[in-house]
Amino acid sequence: MITIQEAFQTGRRELSDRNIENGELDAWLLLSSLLRISKAEYLMNPLKEMSLEDYEVYQEGIKKRCQHIPLQYITGEQEFMGLNFRVREGVLIPRQDTEILVMEALKLSEGKRVLDICTGSGCILLSLARLGSISYGTGVDISEAALEIARENAEQLQVTVDLVKSDIYSQVEGKYDIIISNPPYIQTEVIPTLMEEVKDHEPVIALDGKEDGLFFYKKICRGLKDYLNPGGHVLFEIGYDQGEAVKKLLQEAEMKNIHIIKDLAGLDRVVTGTWSQKKGEPFT
Ligand code: GLN
């Protein structure tokens, strides 16, 4: 029999021997996710024994983490906006930075129809549906694997939204008050420089914003006037150096009231705009 303390120490050592960043934290998160124990429970009873079966699963997890598989794909979960989202290979792991985007949208989305483009795990739309009070939500993605996970998350969070396979607007019908998106925005040539965890395990189609990283913003901007109700808002997550470029795209798409919002690290992270027509201008 092995104690939870011994298991944690062994895991921690293995990860740090293999130079895994944040090895100690990951060894702990693997253990606590597996045994569903809090830090306080662990500290109060570190000599508690764990079953051989659990220990084997834990060892397996440590082994995977040594191979740079992201922790979240091993535990199968990631917390986002205080909610628990299911993840696995094939879907981008929700990032803390994206919470800034959701926080902005929460201010605008009460009673509104929301379209989330490139929904992935569904973390943006489902957080808005669960924590806010949207009237209707659609999440679209080109990846069937992502949609499957998004549907599982919707069920787990007990929210009702439509999740549709669509290449940006290709299968979108009707108009929305809010269009929100965290599209792939990394330049193709930058992808090989990303951490092994990201570049070798997360879906490249969720990251690759093509040559200039702006491909999907351009595509989404082209449809804003057709899919936004007058007075509606668009909210994008962006890379730290894309603020001015995406602002320009929104200006070209005739959006007004454009704002660039920073993340907690002080970097540009979100751009928002509003589709408001000048008085007397006919709707086209
Ligand atoms: N922020 C993500 C990363 O740094 C990229 C997400 C995206 O391309 N939408 O890996």
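Order of appearance sets the numbers: ligands from 1, and atoms from 1 within every ligand.
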Please answer whether the main-chain N or O of Tyr185 pairs with a side-chain N or O of Glu237 as donor and acceptor at a distance below 3.5 Å.
no

Which heavy atom of the protein is the closest neighbour of atom 1 (N) of ligand 1, given with residue, atom name and distance?
Tyr185 OH, 2.9 Å

Could you tell me which atoms of ligand 1, counted from 1 in the order shown, lie closer than 4.0 angstrom to a heavy atom of Leu207?
5 (C), 8 (O), 10 (O)

Atom 10 (O) of ligand 1: closest protein heavy atom, distance to 0.1 Å, is Arg95 NH2, 2.8 Å

Kindly say whether Ile117 contributes a backbone atom to a donor-acceptor pair with the side chain of Ser181 at under 3.5 angstrom?
yes

Contact between Ala206 and ligand 1, counting heavy atoms under 4.0 Å?
yes

Check each heavy atom of Cys118 against ligand 1 and say whether those closer than 4.0 Å belong to the side chain, the backbone, both or neither.
neither

Return the option from Pro183, Gly239, Pro184 holding the heavy atom at the smallest distance from atom 9 (N) of ligand 1.
Pro183

Would you say ligand 1 has an N or O under 3.5 Å from any N or O of Leu92?
no

What do the steps show when you test Lys218 against Glu252 for salt bridge (charged side-chain N to carboxylate O under 4.0 Å, His left out), and what is the final call?
CA-CA 10 Å; Lys218 290 177 187 163; Glu252 284 164 8; over 6 Å; no

Check the pair Glu202 / Arg95 against salt bridge (charged side-chain N to carboxylate O under 4.0 Å, His left out), numbers first and verdict last.
CA-CA 12 Å; Glu202 294 203 77; Arg95 309 286 205 260; 3.0 Å; yes

Please report the shortest heavy-atom distance between Phe8 and Leu31, naming the atom on each side.
CB-CD2, 3.9 Å

Please could you name the atoms of ligand 1 that Asn182 approaches to less than 4.0 Å, counting only its heavy atoms?
7 (C), 9 (N)

Min heavy-atom dist Asp97 to ligand 1 below 4.0 Å:
no

Heavy-atom donor-acceptor pair, Arg65 side chain to Ala27 backbone, under 3.5 Å:
no

Quick check: do Phe215 and Pro184 have side-chain heavy atoms less than 4.5 Å from each other?
no

